S.K.: 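Input: one structure, supplied below.
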Amino acid sequence: MGNEGQPPATLHSKGCADVAIGVERLAKELPDLAFVPLQTEWLDIAVEKSRRTAPLVREIRKIAESESFRGAIDAIEGCEAANTGAIVYES
């Protein structure tokens, strides 16, 4: 009891688990903890397709495709901006 809501890496470091699924950034903050990536994670933005939202989508894509934004994403350890700004589904 009392471990609810704690990051998996913290639980592992306290001896509450032999293995835990968590994020690399937090795992790297703890000594003597090995991190093995299981999959690539990505984030999507979903926007209703309409005339009203079209300017918003154009602005989001403009920012996402900019060199400064991509550079900021790439500067975060473990992140990459390879597909940033790409439309992955459109109906």
Side-chain angles (χ1 to χ4, degrees):
M1 291 286 259
N3 292 321
E4 296 85 9
Q6 292 187 28
T10 301
L11 294 174
H12 180 276
S13 71
K14 289 181 174 182
C16 298
D18 292 328
V19 176
I21 296 176
V23 295
E24 183 175 12
R25 182 184 57 78
L26 293 177
K28 286 188 172 191
E29 293 177 6
L30 298 169
D32 303 322
L33 187 65
F35 181 82
V36 178
L38 297 176
Q39 69 180 36
T40 302
E41 179 181 22
W42 59 88
L43 302 174
D44 297 324
I45 297 174
V47 180
E48 176 186 10
K49 187 176 181 179
S50 70
R51 286 185 187 181
R52 182 180 60 83
T53 61
L56 172 64
V57 172
R58 281 193 299 274
E59 192 62 28
I60 290 171
R61 290 199 67 207
K62 180 180 170 184
I63 292 168
E65 293 173 344
S66 72
E67 288 300 317
S68 61
F69 185 80
R70 287 173 172 252
I73 297 297
D74 285 332
I76 301 169
E77 186 176 350
C79 294
E80 66 174 63
N83 295 317
T84 303
I87 294 177
V88 295
Y89 177 80
E90 187 174 359
S91 65

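Starting from 1, each residue takes its place in the sequence as its number. Being a predicted model, the structure only gives us computed values, none of them experimental.
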S.K.: If you define the side chain from C-beta out and look only at heavy atoms, does anything of V47 sit under 4.5 Å from I45?
M.R.: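 Contact flag for V47/I45 side chains = yes.
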S.K.: Do the side chains of E65 and R70 get close enough for a salt bridge, i.e. N-O under 4.0 angstrom?
M.R.: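 Result for this pair is no, no salt bridge flagged.
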S.K.: Out of curiosity, K62 NZ to I60 CD1, how far, rounded to the nearest 0.5 Å?
M.R.: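 Atom-to-atom, K62:NZ and I60:CD1 are 13.0 Å apart.
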S.K.: Is any side-chain heavy atom of F69 closer than 4.5 Å to one of T84?
M.R.: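 Of all side-chain heavy-atom pairs linking F69 with T84, at least one is under 4.5 Å.
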S.K.: So do the side chains of V57 and K49 get within less than 4.5 Å of each other, counting heavy atoms only?
M.R.: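 They are not in contact (no side-chain heavy atoms under 4.5 Å apart), so the answer is no.
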S.K.: Does CG belonging to D44 count more than 12 external heavy atoms closer than 6.0 Å?
M.R.: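 Buried by this count: over 12 neighbours within 6.0 Å.
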S.K.: Identify the two heavy atoms, one from C79 and one from I73, that lie closest to each other, and give their separation to 0.1 Å.
M.R.: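 That would be CB-O, 3.5 Å.
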S.K.: Minimum heavy-atom separation for Y89 to S91, with atom names?
M.R.: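 Of all heavy-atom pairs spanning Y89 and S91, the closest is OH-CB, 3.7 Å.
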